[in-house]
Amino acid sequence: MLRPKRHRTTKTDGQARSSKKDGQVRSSKKDAQVRSSKKDGRASTTKKDGPVNDLPPELISEILSRLPIELILRCRSVCKTWNSVIQGPLFINLQARKSHNQPSRAILKPIFGGVTGTTMHSLFLLDTEERKSRRIHDKSWRFSGLQIMSSCNGLLCITSDSELGPVYISNPITREFVILPSPETGFSLLRHQVGLGFDSSNGKYIVVRVYTDKSKSQVNKFEAIMLGENSWRSLTVPDIIAECTINGSVFWNGALHWKIKKKPGRECMLSFDVSSGKFAVIRFPVSADVPDDFEMVELDGHLSLVQVYDTQMKIWRVTGDKIEGLSVCYEDMYCMNVRWNSSFNCEIICGYIDEGYLLQVNTHRGPGGAWRRYLTQYFPKMEQFLPLLIPGIPICFKTISFRPTLISPMQLHFVPHG
């Protein structure tokens, strides 16, 4: 069957232009739809994230305050809302309180002779679980020749052990610091120890120092200053403390504690309550053998005295309260299966996971040789050591137990008076 031929129709120029115009309109509409769709997609994404930012600031603070300090610093870049929350006083105070419920961290300060160049102006915050460190560098600190004397709520007290000044109060996380007023007298010292504490009754920080000059009397002198004050004031101490050897400083349970040594005698610690301003002397029990030397460290929320000698570790715990008085009781003894001596010794830094301890091991290679430091984990119940190898840290350092916070020493120091 023959089919009729289809006649091809040709468009006139006007029709072609009209068709092209229609295509452009359709294309324009399509592009507009695509742009609208993308815009709606962005809006939907914003809307999806919106409920988090719509939470009350108190709840956002509660969530973020549970994170490690490294993640908190990253969260400041997530959005303006989180940045504003993290920099607010509500969050800063909340995070500082919660840090006491988290495991202690450790911070390293390089020691002269084991480092070169800019490392002397750096501190190293350790992440022992991830086996890494965060280097904190700031030349303005000028820490060379100074020591980290104590730590409290993320603030470090840094000064010299042979001069009264300068005394730095620094937060290495925020990289802020203040310098406390220094006396004009330049007499030389036999020793200088400084402690930093927090008075929860008024929310202020207090710095207490004890020093002994090279005069004939060689009597210990105590002075204190609150952050925000302009001068140090003298403190009156028990007569028995006047000629004791005083070292170290640990803030625990609302009081500063120093180790003291007086022979003959059972005195082991001097306590200063930062709220009442009263001193107290803590002694070993009559039934205990007084160790020649020990360290003070907070373990599992308790102030403990630790003696490491020969192959053993002995631990005493401070018990009691401010009203009934504090005393020392024997806690435990562990065999370390390592023979420690003057050129191969260790210091306990803080408690560690799984009932373990973080140790700093110090080794000295022969006469005139250099000291070298190592970090290791010690699990006393298993009598096991596990080396803690962290790349990038110096070979010679001092380790301090540390709880990082965002507390600003500058805001604490320059407070309005009225």
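For reference, positions follow the sequence shown, starting with 1.
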Answer whether the closest heavy-atom distance between the side chains of [X] and [Y] falls below 4.5 Å.
X	Y	result
F385	L359	yes
I225	V167	no
L299	I348	yes
R105	P404	yes
I282	H257	yes
I206	M226	yes
V85	L90	no
V361	W340	yes

So, [X] side chain and [Y] main chain: donor-acceptor pair closer than 3.5 Å or not?
X	Y	value
S84	T81	no
R266	P285	yes
R175	I136	no
N171	P409	no
W232	P181	yes
N220	I241	yes

- Item | K204/E229 ion pair, N-O < 4.0 Å | no
- So, E355 and K381, do they make that salt bridge, N to O below 4.0 Å?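 Yes, this pair counts.
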Mind checking whether [X] and [Y] have parallel, tilted or perpendicular rings, split at 30° and 60°?
X	Y	answer
F284	F294	perpendicular
F272	W258	tilted
Y330	W316	perpendicular

What distance do [X] atom [atom1] and [Y] atom [atom2] have between them, rounded to the nearest 0.5 Å?
X	Y	atom1	atom2	result
H100	E298	NE2	CD	8.5 Å
Q95	I72	CD	CD1	4.5 Å
R97	T405	CZ	OG1	12.5 Å
S65	I60	OG	CD1	11.5 Å
S408	F177	OG	CZ	12.0 Å
I400	I349	CD1	CD1	7.0 Å

Heavy-atom neighbours of [X] [atom1] exceed 12 at 6.0 Å:
X	atom1	value
K314	NZ	yes
N337	CG	yes
N341	CG	yes

Give the minimum heavy-atom separation between [X] and [Y], together with the two atoms involved.
X	Y	value
R76	N83	O-CB, 3.2 Å
N153	I407	O-CD1, 3.6 Å
I315	Y334	CD1-CE1, 3.9 Å
P394	F124	CD-CE1, 3.6 Å
F402	S151	CD1-OG, 3.6 Å
L256	S249	CD2-OG, 3.7 Å

- State which residue, out of Q193, R191, E223, fulfils the side-chain hydrogen bond (donor to acceptor under 3.5 Å, both in side chains) condition with Y211.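 For Y211, the side-chain hydrogen bond (donor to acceptor under 3.5 Å, both in side chains) test succeeds with only one of Q193, R191, E223, which is E223.
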- Task: Applying side-chain contact (heavy atoms from CB on, under 4.5 Å) between M149 and each of V207, D161, L196, report the one that passes.
- Result: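 The passing option is D161.
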- Candidate pair R403 and S104, rule side chain to side chain contact (heavy atoms under 4.5 Å, CB included), full reasoning: CA-CA 6 Å; R403 298 183 185 275; S104 294; 3.1 Å; yes
- When you look at Q147 and K398, which way does the side chain to side chain contact (heavy atoms under 4.5 Å, CB included) test go after all the steps? CA-CA 9 Å; Q147 299 183 19; K398 175 65 177 177; over 6 Å; no
- Working for side chain to side chain contact (heavy atoms under 4.5 Å, CB included), residues L108 and S133: CA-CA 9 Å; L108 306 184; S133 66; over 6 Å; no
- Task: Determine, step by step, whether S401 and V297 satisfy the side chain to side chain contact (heavy atoms under 4.5 Å, CB included) criterion, reporting the C-alpha distance in whole Å, the side-chain angles of both residues, the deciding distance to 0.1 Å, and the verdict.
- Result: CA-CA 9 Å; S401 178; V297 61; 5.8 Å; no
- Distance-only polar pair, side chains of Q360 and N362, donor-acceptor under 3.5 Å: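 Checked: Q360/N362 side chains pair up, N/O donor to acceptor below 3.5 Å.
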